[in-house]
Amino acid sequence: MATDLSRRSALGLLGAGLLLPWSVRARASSKLYLNAYGDPAGYGIAAFDAAGDIRYRLPLKRRGHSFTYKADGTAAVAFTRRPGDQALVFDPRSGELKHRIPAAEDRSFCGHGAYSADGRLLFATEAIGSTGDGVLGVYAVEDGYRRVAEWPTHGLDPHEVKLMPDGRHLVVANGGILILADMPRLKLNIPDMDPSLVYLDSRDGRVVTEIRPPQELRQLSIRHLAIDRRGRVAVAMQYEGPETDPVPLVALHDGPEARTAPLRFLELPETARAGLRQYCGSAAMDRTGQRLAVTSPRGNLALVWDMDSETLIAQSQIEDVCGVAPGEAGFLLSNGRGRIYRWDQPGAGARTVEAMAGGQVQWDNHMVFLQI
C-alpha cells in the first residue's frame, strides 16, 4: 500500500485490516518504537516492535512530531507541532490515553520534551506566540501534568530538549528563527538569526552554559540533539542560507561544563555534505552510544559516524528518510513512503540496510525507542 504521496501532505494510511491479530502481537518483543503518522482521515501515533509489526495506534487531533517517555516505562508523551496546541500522555505498553495537555495561552508546543531524572516533572519546548521567544514549560506529573512554571530558553524557536546523563542538566536546541503566531509559516529574521545550544539546571532553570555557532554561520538553525556515551552532545542543524553554501551541518559539544568550548564541526566528504541538502531531519545514537546517525529527508540520505574517531563510517540512500532510533544492533529508520529499515552493521559492508515491513504507515518525523 505504499504510495507516492509526499510525507508533508498525505502522510500515512493505516487500516484496521493491516494490524496483526492480538494473539500474534502479544508474543512480539517488549521493545517498542514510537512514530507519528498521518493520512487524509487524520493523524495518529503508532507503536511497532523490532520486527516492524504495529502493536497499537492512537489517534491525534493534530499532526504529531516527537515523543518523550519516563525511564520506568509507565508513561510517554506525544507532542504536536504546527499547530503545537496539545500534548498527549499515554501508556506506552497499551496505547491507552491518560491525559491531554493543552498549550498555555499565547504558547505553542515545539514538538519535543523531556522528563526529569526522578520522573516528577515534564519539560516541554514552547514558543511565545506574540514574541517568538522560547520557553520551557514545566509540568507536575503527579498533579495531572499541571503547568507549574515557565523558564526561558534564552533564544528563539526552541526545538529539541534532552536531559543530560548527569540527571541534572537539560540541553536545549534554540533554532534562532523568529516566528510569530499570526504568521506561522514566515521566518522573519533569516539575515539576523541567533541559534544557540543552551544548558539549563533542571532544578530551577538557571542558565549554565550558552554556545553559539560562529557569526558567519549564524544561519545554521540548531534543531536536533543526541548524546553519546561520553556525555558529548551531537548537534544536527538546518541551514537557512543559500543551498550552494558549503556549510557544515553536524557538530559536537563537550557538555555543560565546557563553558568556553566552541561547537566542533564533524568533517564530511563534500559529496555527503552536499547530499544532506542543507537539512538534517533527525539524529540518534545507537544503543552503545558509540555511533551517531543523522538523516535527511530532503537529501534521501542517512549518515553514520563513529564517535571515538569522529569520522564518517557509513552512508545510505533511503528515499524520504527521517525517523531514526537505536536498534538491536545499529539503527532502525523510517521514511515517508511507509518503510521501516534495519541497519544492523553500519560501515561493515554495502548491503547493510534491509527493508522490513512496509506500507502499513507512512511515517512522519521522529522515531523513539523504548524498552518496557
Side-chain angles (χ1 to χ4, degrees), residues 1 11-81 84-103 109 111-115 119 122 124 139 141-142 144-145 282 284 322-328 332-336 338-340 356-372:
M1 293 183 65
L11 294 164
L13 182 61
L14 178 62
L18 293 170
L19 294 175
L20 293 174
W22 175 251
S23 60
V24 176
R25 287 182 284 134
R27 296 195 297 269
S29 169
S30 62
K31 299 179 179 66
L32 292 181
Y33 297 82
L34 301 174
N35 212 331
Y37 68 89
D39 64 26
Y43 298 99
I45 59 176
F48 60 90
D49 60 28
D53 295 320
I54 293 174
R55 301 279 293 278
Y56 64 78
R57 56 175 174 152
L58 177 64
L60 294 176
K61 292 183 178 180
R62 303 293 190 185
R63 178 181 173 185
H65 188 76
S66 191
F67 308 84
T68 190
Y69 59 92
K70 293 183 70 173
D72 63 5
T74 59
V77 184
F79 296 93
T80 64
R81 186 167 183 259
D85 58 1
Q86 63 179 310
L88 274 68
V89 184
F90 61 100
D91 184 335
R93 297 162 297 190
S94 66
E96 180 185 0
L97 180 64
K98 297 294 187 181
H99 298 279
R100 291 185 186 271
I101 308 173
F109 292 112
H112 290 265
Y115 278 96
L122 171 70
Y139 297 83
V141 171
E142 296 174 359
Y145 288 82
S282 192
C322 194
V324 60
E328 292 287 328
L332 289 191
L333 305 103
S334 62
N335 74 350
R339 292 284 180 181
I340 302 164
M356 298 164 57
Q360 298 184 67
V361 169
Q362 290 185 335
W363 303 106
D364 188 31
N365 291 305
H366 304 284
M367 186 196 305
V368 174
F369 166 82
L370 60 129
Q371 185 171 350
I372 54 176

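Quick note: residue numbers are just sequence positions, from 1.
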Value rounded to 0.5 Å, distance of CE in M367 from CG in L332
5.5 Å
Which pair of non-hydrogen atoms, one from V141 and one from L122, has the smallest distance, and what is that distance?
CG2-N, 4.0 Å
Report the residues that fulfil side-chain hydrogen bond (donor to acceptor under 3.5 Å, both in side chains) with S282, sequence neighbours left out, ordered by chain and then residue number.
H366
Given R81, which of H112, R63, H65 fulfils the side chain to side chain contact (heavy atoms under 4.5 Å, CB included) condition?
H65
Out of curiosity, R100 CZ to L60 CG, how far, rounded to the nearest 0.5 Å?
8.0 Å
Across all chains, not counting sequence neighbours, the ring-ring contact (aromatic ring centres under 6.0 Å, His included) partners of Y145 are H99
Using the test side-chain contact (heavy atoms from CB on, under 4.5 Å), find all partners of Y69 that sit at least two apart in sequence or belong to another chain.
A76, V368, L370
Between CG of L88 and CD1 of I101, what distance do you get to the nearest 0.5 Å?
8.0 Å
Looking only at non-hydrogen atoms, find the nearest pair between G95 and Y56 and report the distance.
CA-CE1, 3.3 Å
Taking every non-hydrogen atom, the tightest pair across S334 and N35:
OG-ND2, 2.8 Å
Check whether any side-chain heavy atom of R57 lies under 4.5 Å from a side-chain heavy atom of Y37, and answer yes or no.
yes
side-chain hydrogen bond (donor to acceptor under 3.5 Å, both in side chains) partners for R62, two or more places apart:
D85
Restricting to non-hydrogen atoms, name the atom on V77 and the atom on A87 that form the minimum distance, rounded to 0.1 Å.
CG1-CB, 3.9 Å
Give me the atom names and distance for the closest heavy-atom approach of Y115 to V89.
OH-CG1, 4.5 Å
With E96, which residues qualify under side-chain contact (heavy atoms from CB on, under 4.5 Å), at least two apart?
D91, S94, K98
Kindly write out the residues that satisfy side-chain contact (heavy atoms from CB on, under 4.5 Å) with A78, not counting sequence neighbours, or none if the list is empty.
I45, F67, F90
Let me see the working for F369 and K31 under side-chain contact (heavy atoms from CB on, under 4.5 Å), right down to the final yes or no.
CA-CA 8 Å; F369 166 82; K31 299 179 179 66; 3.8 Å; yes
Taking it one step at a time, do Y33 and I340 satisfy side-chain contact (heavy atoms from CB on, under 4.5 Å)?
CA-CA 11 Å; Y33 297 82; I340 302 164; over 6 Å; no
Give me the atom names and distance for the closest heavy-atom approach of S66 to G111.
CB-O, 3.3 Å
